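I have placed the structure first, in the form of structure tokens, so that the comments after it can refer back to it.
Source: prediction; values computed, not measured. Residue numbers begin at 1 in each chain, while the letters A, B, ... track the order of the sequences.
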Amino acid sequence: MEFIDTLDTLERERFLKALRLRERGVEPYPPRVTRTHTIAETREQFEQGKDLGAVTLVGRMTANRWTGKITFADIRDGTGRIQLFLRQDNLGAETYKDFLKDFDLGDFVQASGTLFKTKTGEITVQVAEIIMLAKAVAPMPEKFHGLTDKETRYRQRYLDLMVNEEVREVFRARQRILTAMRAYLDRSGFIEVETPALQPLYGGALAKPFTTYHNELKRDLYLRIADELYLKRLLVGMFERVYEISKDFRNEGVDATHLPEFTMMECYQAFGDLSDMMKVVEDIFVECALAAQGALQITYGEHQVDLTPPFARVAMRDAILEKTEIDIYVDDTFDALNARIEEKHLRVEPQLSWGKLVEKLFGAYVEPTLIAPTFVIDFPTDISPFAKKKPDDPRVTERFEIYVAGAEYGNAFTELNDPADQWERFMEQQGNRARGDAEAQQMDDDYVQALKHGLPPTGGLGMGVDRLAMLLTNQHSIRDVVLYPQLRN
RNA sequence: GGGCCGCUAGCUCAAUCGGCAGAGCAACAGCCUUUUAAGCUGCAGGUUCAGGGUUCGAUUCCCUGGCGGCUCACCA
């Protein structure tokens, strides 16, 4: 069995061309290239009237228009596209013929020559020499319709990136968003840290984990569902402001807004509280929107959204009251709220607690209506095991989530730092677990021990980076802002 | 996990009621010295996702499975 036996008809044809080149003493995969300018630089400098003389450009050949003894070809590099003009009279009959025979769409080439404008005004390289840099054995996707099959786009992302330029721009924008976020946090005094992805106890969020096993230690380990508890321990250790941007893993459903691994930013500010985190959220939205789109007025699907601070804020109770005419502070027990929901014939799945019912009501009747950036505050205590209770109403916590265009982008609290209260919350979670809540927190004695040493009053925030990238690049599936989204095998 | 839709040439897509498997691009053999999805002539290209069933005959109808998409539920 030879390599060539693994190739289909089209690939074989192209592979034979590579062999032919080699027979002529031309290496189809040379180790080094010459490049005097990028394509973008070439265009820019030519338009400025600069005489560049002879240039040597490199790129992938993406189009080919030949009319007998001349050929127009397009090459693209990472910066742009430019047209090549190849003429038999310039290259010589033999070389020109070899070019026609052995160069294909998709090949990386190096072209040298001088610049001119065609009669239609297009900047073009009059090619004196063209060299193969890397022979493409497999053919490119079709040039006009491109590649649209989503499965191929995700599984062979390089093809998607190769032919769909707007896809490359989405990922450039994603990188600008991350860079802007880091720059903001860095200059605001937050220190970037790294905490364990493999954890003996998972925590910091309500979610189902992935489990793995360490052979030498002979124990189960979990992939982190959040960074929270490790980051807050650092504040016990006297760091004042920390953040981490990392992958979290949750063993749950996959859909347009959920993947099993996703990127989360978490930051914690000692001597801060909820209102400080609101400022951080507003600042991050501003910085990232400007980095991604250069404007605070953005389009997301059918919505026009203005990200200019200050963002609106509304209490969970008031928002639910307005949409459903249910006052969760009147029906402030599980049984009462359940009865009220049935009485009003609202469609809410069975839940295990008052707080989860509130969360469901909110998700079904309020969340989709929150288009302009809005902080929703005062979340039920039993679904907020790490948030400090409101001093004047222990049913709810000093917690907000930020909503834009009907979706959540971040979650923040005034962090719970009372070790006794935290211990009781863990116990409550264990009760929930016993009653069948697979997402309930496990008791984390080590974390309580840390709190016993004193966590300063702290504001903490988590933001979904993929979701933010979706919002700011107008993408409606998380798979379109993640280079290699998880698919079935 | 449930419901719905899809899977045909390398890519983008057709195929009427169940009756020989088709086109464009790409490729191949040619023509053509300023093209822009270049054009023209010719030629080739298939496990119709897989397996099973019904039928004289299945891309088409039925069943099972795989993969993908949308949606509902859950979660960020």
Side-chain angles (χ1 to χ4, degrees), chain A residues 7-14 16-17 62-74 81 83-91 96 100-101 104-106 116-122 124 126 136-156 159-160 162-163 204-209 225-226 247-266 347-351 356 359-360 363-364 367 383 401-403 407-411 437-439 462-468 470 476-479 485 487-489:
Chain A
L7 303 178
D8 67 29
T9 321
L10 275 80
E11 292 172 342
R12 184 175 305 234
E13 200 77 54
R14 289 164 163 255
L16 290 173
K17 294 177 183 186
T62 55
N64 221 334
R65 300 174 287 280
W66 58 86
T67 68
K69 297 182 179 58
I70 65 167
T71 294
F72 290 94
D74 291 343
R81 182 199 67 89
Q83 178 168 265
L84 304 181
F85 178 55
L86 300 104
R87 185 156 63 164
Q88 180 175 295
D89 292 354
N90 296 355
L91 293 171
Y96 183 73
L100 290 184
K101 280 181 70 73
D104 289 306
L105 299 189
F116 73 107
K117 267 195 181 177
T118 63
K119 68 183 184 187
T120 55
E122 175 149 1
T124 301
Q126 167 118 351
V137 171
M140 285 181 72
E142 196 243 10
K143 66 184 173 188
F144 184 57
H145 299 93
L147 182 69
T148 58
D149 180 71
K150 289 198 175 175
E151 186 170 359
T152 310
R153 286 187 46 218
Y154 298 142
R155 287 192 195 277
Q156 293 177 268
L159 294 178
D160 188 28
M162 186 190 298
V163 297
L206 303 181
K208 293 176 216 149
I225 59 172
K247 288 279 184 71
D248 287 351
F249 306 88
R250 298 189 185 176
N251 207 339
E252 290 166 352
V254 175
D255 64 25
T257 55
H258 298 84
L259 285 173
E261 58 180 295
F262 61 101
T263 304
M264 178 83 105
M265 185 285 292
E266 292 189 33
R347 205 167 138 262
V348 175
E349 300 285 311
Q351 297 299 327
K356 289 199 174 235
E359 196 175 33
K360 286 291 139 196
E367 182 172 341
I383 56 168
E401 289 187 344
I402 175 67
Y403 287 84
E408 189 215 322
Y409 293 87
N411 180 17
D437 182 355
E439 294 171 358
M463 288 188 74
V465 173
D466 311 286
R467 297 245 177 116
L468 185 62
M470 287 169 66
H476 293 78
S477 170
I478 192 170
R479 296 183 200 89
L487 302 175
R488 284 172 206 255
N489 287 324

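- With rounding to whole Å, K247(A) atom NZ is found 19 Å from rA76(B) atom P.
- Rounded to whole Å, atom P of rA44(B) lies 19 Å from atom CZ of R12(A).
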Taking N or O atoms only and anything under 3.5 Å, show me the protein contacts with nucleotides 32-36 of chain B, one pair per line.
| unit_1 | atom_1 | unit_2 | atom_2 | d |
| --- | --- | --- | --- | --- |
| rC32(B) | N3 | G68(A) | N | 2.9 |
| rC32(B) | N4 | G68(A) | N | 3.4 |
| rU33(B) | N3 | D89(A) | OD2 | 3.2 |
| rU33(B) | O4 | D89(A) | OD1 | 2.6 |
| rU33(B) | O4 | D89(A) | OD2 | 2.7 |
| rU34(B) | O2' | K119(A) | NZ | 2.7 |
| rU35(B) | O2 | R65(A) | NE | 2.7 |
| rU35(B) | O2 | R65(A) | NH2 | 3.3 |
| rU35(B) | O2 | Q83(A) | OE1 | 3.1 |
| rU35(B) | N3 | Q83(A) | OE1 | 2.9 |
| rU35(B) | N3 | Q83(A) | NE2 | 3.1 |
| rU35(B) | O4 | Q83(A) | NE2 | 3.0 |
| rU35(B) | O4 | T118(A) | OG1 | 2.9 |
| rU36(B) | O4' | R65(A) | NE | 3.4 |
| rU36(B) | O2 | E122(A) | OE1 | 3.2 |
| rU36(B) | N3 | E122(A) | OE1 | 2.7 |
| rU36(B) | O4 | T120(A) | OG1 | 2.2 |

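- E13(A) meets the salt bridge (Lys or Arg N to Asp or Glu O under 4.0 Å) test with no other residue; sequence neighbours excluded.
- Every ring-ring contact (aromatic ring centres under 6.0 Å, His included) that H476(A) has, sequence neighbours left out, goes to Y300(A).
- Here rA73(B) presents its C1' atom at 14 Å from CD of E359(A), a figure rounded to the nearest Å.
- From L86(A), atom CG reaches atom OG1 of T71(A) across 6.0 Å, with rounding to the nearest 0.5 Å.
- If you check every strand for non-hydrogen atoms under 4.0 Å, Y409(A) touches nothing.
- Going from atom CZ of F262(A) over to atom P of rA76(B) covers 8 Å, rounded to whole Å.
- Here the separation of rC56(B) from rU12(B), taken at their P atoms, is 38 Å to the nearest Å.
- One P atom belongs to rC13(B), the other to rC7(B), and the distance between them is 11 Å to the nearest Å.
- Going from the P atom of rA21(B) to that of rU59(B) covers 8 Å, rounded to whole Å.
- When heavy atoms are screened at a 4.0 angstrom cut-off, L159(A) is found touching no nucleic acid atom at all.
- Among the atoms of the strands shown, only primed sugar atoms or phosphate atoms (P, OP1, OP2) are found under 4.0 Å from some heavy atom of R488(A).
- Remark: R479(A) is in phosphate contact with rG69(B), judged by side-chain N or O atoms under 4.0 Å from OP1 or OP2.
- K101(A) places its NZ atom 10 Å from the C1' atom of rA29(B), with the value rounded to the nearest Å.
- Using a 4.0 Å heavy-atom cutoff across all strands shown, R155(A) reaches sugar-phosphate atoms only and no base atom.
- For K17(A), counting side-chain heavy atoms from C-beta on, the closest listed nucleotide (rG69(B), rC28(B), rA26(B)) is rC28(B).
- The side-chain contact (heavy atoms from CB on, under 4.5 Å) check on E252(A) picks up A207(A), K208(A), R250(A), E439(A), with sequence neighbours excluded.
- Taking atom CG on D255(A) and atom C1' on rG69(B), their separation rounds to 13 Å, with Å as the unit.
- Considering only residues two or more places apart in sequence or on other chains, E401(A) meets the side-chain contact (heavy atoms from CB on, under 4.5 Å) condition with F379(A), R399(A), Y403(A), E408(A), N411(A).
- Taking the ring-ring contact (aromatic ring centres under 6.0 Å, His included) definition, one finds that F85(A) meets it with F72(A), F116(A), sequence neighbours left out.
- When the P atom of rC43(B) is taken as reference, atom CD of E13(A) falls 18 Å away, rounded to whole Å.
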N64(A) vs L105(A), side-chain contact (heavy atoms from CB on, under 4.5 Å): CA-CA, chis, key distance, verdict
CA-CA 7 Å; N64(A) 221 334; L105(A) 299 189; 3.7 Å; yes
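- RNA chain B contains the following stems of three or more consecutive Watson-Crick or G-U pairs, with both distances under 3.5 Å: B:1-7 with B:66-72, B:10-13 with B:22-25, B:28-31 with B:39-42, B:49-53 with B:61-65.
- Using a cutoff of 4.0 Å between basic side-chain nitrogens and carboxylate oxygens, K17(A) and D104(A) are scored as salt-bridged.
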Would you mind building the protein contact string for nucleotides 2-11 of chain B? One character per nucleotide, 5' to 3', B for base within reach (heavy atoms under 4.0 Å), S for sugar-phosphate only, - for untouched.
---------B
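- Between rA37(B) and rC25(B), the two P atoms lie 13 Å apart (nearest whole Å).
- The gap from the C1' atom of rA9(B) to that of rU48(B) amounts to 10 Å, rounded to the nearest Å.
- Spacing between rC17(B) and rG39(B) at atom C1', rounded to whole Å, works out to 40 Å.
- Take L10(A) and apply the side-chain contact (heavy atoms from CB on, under 4.5 Å) test, not counting sequence neighbours, and it matches D8(A), P139(A).
- The same atom, P, is picked in rG18(B) and in rC61(B); the two are 7 Å apart, to the nearest Å.
- Under the rule for a side-chain contact (heavy atoms from CB on, under 4.5 Å), the partners of K117(A) that lie at least two apart in sequence or sit in another chain are F46(A), E47(A), I123(A).
- Atom P of rC72(B) sits at a distance of 30 Å from the matching atom of rA15(B), rounded to the whole Å.
- The minimum heavy-atom distance linking A205(A) with I225(A) is given by the pair O-CD1, 3.4 Å.
- Legend: residues meeting salt bridge (Lys or Arg N to Asp or Glu O under 4.0 Å) with K101(A), ordered by chain and number and at least two apart, are absent.
- Counting any heavy atom pair closer than 4.0 Å across all strands shown, I383(A) reaches no nucleic acid atom.
- Straight-line distance from the CG atom of L468(A) to the P atom of rA76(B): 17 Å, rounded to whole Å.
- With sequence neighbours excluded, the residues satisfying salt bridge (Lys or Arg N to Asp or Glu O under 4.0 Å) with D74(A) are R65(A), R81(A).
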